[in-house]
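The shown structure was predicted, so the numbers you read here are calculated from the model rather than taken from an experiment. Here is the naming used below: chain letters follow the sequence lines, and residue numbers restart at 1 for every chain.
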Amino acid sequence: MEGYYMKAPRGTQDLLPGTTEKWQYVEEKLVELSRKYHYKEIRTPIFEHTELFQRGVGDSTDIVQKEMYTFTDRGDRSLTLRPEGTASVVRAFVQNKLFGSPNQPTKLFYFGPMFRYERPQQGRMRQFVQFGVEALGSADPAIDAEVLALAMSCYQELGLKSLKLVINSLGDMESRTNHRNALINHFEPHKEELCSDCQTRLQQNPLRVLDCKKDRNHPAMETAPSILDYLNDESKQYFEQVKQHLDHMGIDYVVDANLVRGLDYYNHTAFEIMSDADGFGAITTLSGGGRYNGLVEELDGPETPGIGFALSVERLLMALEAEGIELPIDDSLDCYFASLGERASQEAVSLMFQLRQAGIQVDKDYQGKKFKAQFKAADRLQAKYVIVLGDEELDQGIVNVKKMETGEQTEVAIDQLVSHIQNELQGGN
RNA sequence: GCGGUUGUGGCGAAGUGGUUAACGCACCGGAUUGUGGUUCCGGCAUACGUGGGUUCGAUCCCCAUCAACCGCCCCA
């Protein structure tokens with residue numbers, strides 16, 4: 001097993017040229033979109049004190065119980081690679097007193113790797129990249145709708161069609177407590193018939209029982225109390241207003257009373273965006289989020305409502321693939337030098353420097369390739385122009401510029417090369 | 001954490017208990033002088049995931065391990 005360390009750790013991957021261009025494209029789109037919605041970027045550390053996640057995400061969650069990358073540093077501190085973004089953003093919000101800014105709500109977006117110790121499979125990595133937004137400081141249903149609209153736009157802007165927006169309301173504390181008690185009362189008589197997972201879920205988070213796939217067909221499921229019937233007036237009204245905004249914006253959605261999110265901090269609006277695309281695999285959730293009033297206080301900040309969502313860039317790219325969407329990535333090269341002889345090759349080096357300073361993309365051969373092979377390389381690299389330079393040209397102080405698309409070749413004085421190429425590139429496009 | 005499938009050169013992919021492990025792609029060179037494609041010819045590569053075991057001998061059989069893929073759980 002020598003050399004095991006020469007493989008990327010399980011659940012991690014290298015993104016290589018050919019793929020990174022797609023990532024860059026998507027990242028730029030998402031940032032651009034965030035700008036339209038007026039969310040500003042925040043960058044927080046990739047690791048935090050372990051306790052932040054224990055308190056923020058919730059001790060009972062799978063994430064905290066079994067998925068965290070936790071380590072002790074040399075100062076004997078327990079630190080954890082962030083498994084999600086919200087806890088860190090809220091911590092930064094409190095620590096930097098962003099609540100004191102005159103611009104409220106505080107609308108932030110982030111972008112970066114997250115870490116969860118899980119068994120890798122399609123759409124699930126141990127290190128994956130999330131893009132997410134958080135709006136802190138407003139309890140206006142309109143901002144829930146804004147966040148939902150932004151989330152959907154992340155996919156629609158890229159041309160995705162097979163999307164399903166699923167929403168639910170988990171209600172406020174009072175509604176949740178009432179519902180929770182109702183659930184326990186409802187399932188308690190059937191406890192022995194439920195799967196072992198559900199038996200423990202019934203204690204910890206009875207809401208999860210509704211989501212169980214094994215017990216899906218149990219008769220008690222049909223008659224189980226719905227959270228929507230336990231929303232108090234305030235919660236109900238809030239949910240109605242969110243839906244009204246969505247209706248007015250023309251955003252399609254379905255309400256699923258069984259939608260339960262995995263993190264403890266959610267209340268009121270909860271949602272997921274799924275992909276309908278064929279062959280997308282078992283994991284269909286592209287992104288998820290919801291409202292988390294109370295989380296800021298839980299993390300020692302002032303009473304501040306909040307809502308946010310996060311999406312996985314890996315899954316976004318999978319969805320694009322599943323729908324056969326090609327991103328408009330220009331992989332061409334402006335110019336490539338084909339030189340003959342040592343003198344010409346040297347001259348090419350300094351000419352390339354000039355071209356690059358003028359903002360032109362240019363490359364040459366460094367493998368000692370034969371002339372013909374240099375042309376092959378230029379073709380392969382999708383060079384728009386090949387600049388031919390040999391002793392003949394050198395002696396005349398010129399260069400031959402060949403436009404690859406048409407095959408036409410023109411002589412250009414060396415001191416005119418930069419401006420010639422600039423004109424060509426402008427005219428050509 | 002559990003289950004299934006898989007692991008041969010840069011990629012794809014045959015194959016056998018026993019001399020130099022096919023082939024395709026890619027790459028490099030050539031087909032008379034300095035021009036992209038096709039064709040033809042030639043060349044190339046520390047390849048049987050790793051560690052043990054069975055055997056006179058294993059890439060092929062067994063065990064373990066690692067990894068990948070798929071699924072469960074859960075999520076993004």
Side-chain angles (χ1 to χ4, degrees), chain A residues 1-13 16 57 61-67 82-86 112-132 151 154 195-198 200-201 205 208 211-214 259-263 271-275 279 281-289 308-319 336-341 344 365 367-394 400-409:
Chain A
M1 204 188 311
E2 310 163 44
Y4 70 93
Y5 49 81
M6 286 305 295
K7 286 184 189 166
R10 180 156 218 206
T12 68
Q13 62 182 340
L16 305 174
V57 178
T61 60
D62 283 356
I63 289 181
V64 169
Q65 283 189 346
K66 50 188 197 193
E67 294 174 3
R82 61 184 184 189
E84 58 102 50
T86 303
M114 304 294 164
F115 305 84
R116 291 184 201 173
Y117 191 91
E118 294 192 273
R119 189 89 181 258
Q121 65 179 73
Q122 187 174 48
R124 175 192 287 161
M125 297 272 115
R126 288 185 173 182
Q127 175 176 339
F128 58 100
V129 175
Q130 282 191 337
F131 164 82
C154 289
C195 74
S196 58
D197 282 342
C198 283
T200 51
R201 283 183 188 128
N205 189 352
R208 288 281 189 79
D211 208 27
C212 181
K213 276 140 198 147
K214 281 184 199 156
L259 176 73
V260 179
R261 309 246 56 245
L263 312 186
F271 71 98
E272 280 183 14
I273 297 172
M274 332 250 266
S275 172
I283 293 174
T284 54
T285 302
L286 296 177
S287 60
F309 88 97
L311 67 79
S312 147
V313 178
E314 285 84 356
R315 289 185 189 177
L316 171 50
L317 288 162
M318 277 171 56
Y336 192 84
F337 264 90
S339 60
L340 269 159
D365 165 65
Q367 305 297 311
K369 281 197 173 97
K370 295 290 190 324
F371 189 69
K372 188 184 178 92
Q374 293 181 48
F375 259 87
K376 275 191 179 179
D379 194 47
R380 200 166 46 231
L381 295 170
Q382 300 180 56
K384 297 190 185 92
Y385 295 90
V386 171
I387 301 169
V388 178
L389 184 58
D391 288 338
E392 290 174 26
E393 287 84 356
L394 222 44
N400 269 299
V401 176
K402 179 168 184 175
K403 184 171 187 175
M404 294 298 270
E405 195 184 334
T406 61
E408 60 187 316
Q409 189 162 302

Using the [atom1] atom in both, what is the distance from [N] to [M], to the nearest Å?
N     : M     : atom1 : result
B/G1  : B/A58 : C1'   : 35 Å
B/U16 : B/G49 : P     : 16 Å
B/C60 : B/G24 : C1'   : 23 Å
B/A47 : B/G53 : C1'   : 24 Å
B/G18 : B/U59 : C1'   : 12 Å
B/G57 : B/U19 : C1'   : 13 Å
B/G29 : B/A45 : C1'   : 15 Å
B/G37 : B/C66 : C1'   : 45 Å

Using atom [atom1] of [X] as one end and atom [atom2] of [N] as the other, report the distance to the nearest whole Å.
X        : N     : atom1 : atom2 : result
A/Phe375 : B/C28 : CZ    : C1'   : 19 Å
A/Glu118 : B/G71 : CD    : C1'   : 14 Å
A/Lys66  : B/C75 : NZ    : C1'   : 11 Å
A/Met125 : B/C75 : CE    : P     : 19 Å
A/Glu393 : B/U35 : CD    : P     : 12 Å
A/Asn400 : B/G34 : CG    : C1'   : 10 Å
A/Arg126 : B/C69 : CZ    : C1'   : 15 Å
A/Asp379 : B/A26 : CG    : P     : 13 Å

With heavy atoms under 4.0 Å as the rule, sort [X] into base, sugar-phosphate or nothing.
X        : value
A/Leu286 : sugar-phosphate
A/Gly123 : base
A/Ala338 : nothing
A/Gln121 : base
A/Thr285 : base
A/Ala373 : sugar-phosphate
A/Glu84  : nothing
A/Ala282 : sugar-phosphate
A/Gly85  : nothing
A/Lys370 : sugar-phosphate
A/Gln409 : base

[X], nearest nucleotide to its side chain (from [options]):
X        : options             : answer
A/Lys372 : B/G34, B/A68, B/G36 : B/G36
A/Arg315 : B/G4, B/G36, B/A76  : B/A76
A/Arg119 : B/G36, B/G3, B/A76  : B/G3
A/Phe371 : B/G34, B/C27, B/G29 : B/G34
A/Arg10  : B/C75, B/A67, B/G29 : B/A67

Q. Can you tell me if NZ on A/Lys376 sees more than 12 non-hydrogen neighbours from other groups inside 6.0 Å?
A.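 No - once you tally the heavy atoms of other residues, nucleotides and ligands closer than 6.0 Å, there are 12 at most.
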Q.
Is it true that, when you exclude A/Phe371 itself, more than 12 heavy atoms of the residues, nucleotides or ligands shown sit nearer than 6.0 Å to its CZ?
A.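 Yes, CZ of A/Phe371 has more than 12 neighbouring heavy atoms, counting only those of other groups under 6.0 Å.
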Q) Does OP1 or OP2 of B/G49 have a side-chain N or O of A/Lys7 closer than 4.0 Å? A)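 For B/G49, neither OP1 nor OP2 has a side-chain N or O of A/Lys7 closer than 4.0 Å.
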Q.
B/C70, OP1 or OP2 - any side-chain N/O from A/Gln122 closer than 4.0 Å?
A.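 Checking A/Gln122 against B/C70: at least one side-chain N or O falls below 4.0 Å of OP1 or OP2.
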Pairing partner of [N] (Watson-Crick or G-U wobble, both distances under 3.5 Å):
N     : value
B/U54 : none
B/G34 : none
B/C2  : B/G71
B/U20 : none
B/C27 : B/G43
B/A14 : none

**Q.** Step-by-step side chain to side chain contact (heavy atoms under 4.5 Å, CB included) determination, A/Lys66 to A/Tyr117
**A.** CA-CA 7 Å; A/Lys66 50 188 197 193; A/Tyr117 191 91; over 6 Å; no
Q: Might you work through the side chain to side chain contact (heavy atoms under 4.5 Å, CB included) test for A/Phe337 and A/Tyr385, ending with a clear yes or no?
A: CA-CA 9 Å; A/Phe337 264 90; A/Tyr385 295 90; over 6 Å; no
Q.
Test side chain to side chain contact (heavy atoms under 4.5 Å, CB included) on A/Met404 and A/Tyr336; report intermediate values, then the result.
A. CA-CA 10 Å; A/Met404 294 298 270; A/Tyr336 192 84; over 6 Å; no
Q) When you measure from the side chain of A/Gln367 to the backbone N and O of A/Lys369, does any donor-acceptor pair fall under 3.5 Å? A)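 It does not hold such a pair.
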**Q.** side chain to side chain contact (heavy atoms under 4.5 Å, CB included) between A/Leu316 and A/Leu311, worked out
**A.** CA-CA 8 Å; A/Leu316 171 50; A/Leu311 67 79; 4.2 Å; yes
Q. Parallel under 30°, tilted from 30 to 60°, perpendicular over 60°: which one fits the rings of A/Phe271 and A/Phe309?
A.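 Because their plane-to-plane angle lies in the 30° to 60° range, the rings of A/Phe271 and A/Phe309 count as tilted.
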(Q) Using heavy-atom distances to pick each residue's nearest nucleotide on RNA chain B, tell me which of A/Lys369 and A/Lys402 is more 5'. (A)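 Here A/Lys369 is the residue nearer the 5' end.
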Q.
Both A/Gly407 and A/Gly288 contact RNA chain B. Which one's nearest nucleotide lies toward the 5' end?
A.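 The residue closer to the strand's 5' end, by nearest nucleotide, is A/Gly407.
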Q.
Is it the case that the base of B/A68 and the side chain of A/Gln13 share a donor-acceptor contact (distance under 3.5 Å, atom types as modelled)?
A.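 Such a pair does not exist between side chain and base.
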(Q) Let's test your reading of the model: under 3.5 Å, does the base of B/A76 pair with the side chain of A/Arg116 as donor and acceptor? (A)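 Yes, a donor-acceptor pair under 3.5 Å.
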Q. Roughly how far apart are A/Lys384 NZ and A/Lys403 NZ, rounded to 0.5 Å?
A.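 One gets 10.5 Å once the value is rounded to the nearest 0.5 Å.
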